[in-house]
Amino acid sequence: MPLSADRIRDRLRGVAVGLLTPFDADGEIEHGKLRENADALYEGGIRLFMASANISEYHSLSRTERVDVVETAVDALPADACVLAGVGGSTADARELIDGYEDVGADAMMIMPPDHTYLHEAGLLRYYRELAAATDRPLVPYVRGFDPSVAYLGDLTRVDGVIGIKYALPDGVKLGAGVAAGDDDVVWVNGLAEPFAVSFWAEGAEGFSAGVSNFRPEVGLALFDALTDGDWERARALRNACLPYQGFRDGTGQGNEIPGAISVPAVKQGLDLAGLHGGSVREPIRPLAEEQVREAEELYAALEDDVDRLVG
Ligand SMILES: N[C@@H](CC=O)C(=O)O
């Protein structure tokens, strides 16, 4: 039984982890490991899960695989957990994916950033309206990779079925303006992880997506509590503990000049170091080079020290 829209809103006011998709050395999905990751994160206190989402390597999964990983997540997690399933592509393909996700019990649809060379704000709003009309499950559009107007953000909150917005533009002023322009019953979720948690909270975000909290959930949960308590000093200290590993994720890796290329394998390495399951990656990304594995180990050790000191 999927959660009600109000329960999902409550869950959006929290820490959203991305369920990364563990692949074996041949690139096949290891569903048992995905299940164990979900179990462990739930046991660690996480209640909001994004499956088949961007750091799940959404774009490297077939349609069938997307539905399968969402089904594994829904089956693994207790009924009070919220599973957001990543949806994208043409309207027709997105509708089919939504049908598949409904069948396996996803609670809500996270609509991926538009995958199109050319965009029109009115066209995008129509896309969301078409998808909302195709399902009774709530929608959470993911705003990233383009620079919409504040009026667009406000209109997006008024699309029937939209109950949350995952905002991942590095522009806190626009976030604040969007919150002011939008409907009050929409929950804004910081999509840029712990580094932006403090500043986006001040602009109206009520939850955040995980970076290092994908593998050390206690740091994200403590940061969330500090934010809700208004304990800014503690919130900044917890945020600061996350910055070195998060900065590492922004790196290019070897043989590449595109920033952020190691973001997903860096989180997968963090999962492995935390005793969970990261596993391999699929093209178009590459595993960490040996040198980056060593760097990840050092940064993880420092993070662990900080977590012990700050969270206990
Ligand atoms: N928080 C994620 C992005 C959203 O899912 C990340 O840090 O990559």
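In each ligand, atom 1 is the first atom listed, and ligand 1 is the first ligand listed. Sequential numbering from 1 along the given sequence is applied to the chain's residues.
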Check for me whether A53 has a heavy atom closer than 4.0 Å to any atom of ligand 1.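 Checking ligand 1 against A53, which is what was asked, there is no heavy-atom contact under 4.0 Å.
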Does F208 come within less than 4.0 angstrom of ligand 1, counting non-hydrogen atoms of the residue?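 Flag not set, F208 not near ligand 1.
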What I want to know is whether [X] and ligand 1 share at least one N or O pair that is separated by under 3.5 angstrom.
X: K166; value: yes
X: A210; value: yes
X: S209; value: yes

State the CD1-CG distance between I98 and L131, to the nearest 0.5 angstrom.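 Rounded to the nearest 0.5 Å, the CD1-CG separation comes to 4.5 Å.
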For [X] and [Y], take the angle between the two ring planes, folded into 0 to 90°, and tell me which bin it lands in: parallel under 30, tilted 30 to 60, perpendicular over 60.
X: F146; Y: Y152; result: perpendicular
X: Y42; Y: F49; result: parallel
X: F200; Y: F196; result: tilted

Considering only heavy atoms, does N54 approach ligand 1 within less than 4.0 Å through its side chain, its backbone, both, or neither?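 For N54, only side-chain atoms sit under 4.0 Å from ligand 1.
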Examine the proximity of ligand 1 to A168 and report which part, side chain or backbone, both or neither, has a heavy atom under 4.0 Å away.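 It is neither; nothing of A168 touches ligand 1.
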When you look at L153 and W188, which way does the side chain to side chain contact (heavy atoms under 4.5 Å, CB included) test go after all the steps? CA-CA 11 Å; L153 293 173; W188 293 76; 4.0 Å; yes
Of the protein's non-hydrogen atoms, which lies at the shortest distance from atom 3 (C) of ligand 1, and what is that distance?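 The answer is G191 O, 3.7 Å.
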For atom 6 (C) of ligand 1, the protein heavy atom that lies nearest, with its residue and separation: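 The answer is R249 NH2, 3.3 Å.
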Which atoms of ligand 1 sit under 4.0 Å from any heavy atom of [X]?
X: A193; answer: 1 (N), 7 (O)
X: M50; answer: 5 (O)
X: I55; answer: 8 (O)

Of L243, V212, L273, D308, which meets side chain to side chain contact (heavy atoms under 4.5 Å, CB included) against L303?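 The passing option is V212.
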Decide yes or no for I285 and P265: does some side-chain heavy atom of the first lie under 4.5 Å from some side-chain heavy atom of the second?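 Yes, at least one pair of side-chain atoms sits under 4.5 Å.
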F248 ring center within less than 6.0 Å of Y300 ring center: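 Y300 vs F248: aromatic centres not under 6.0 Å.
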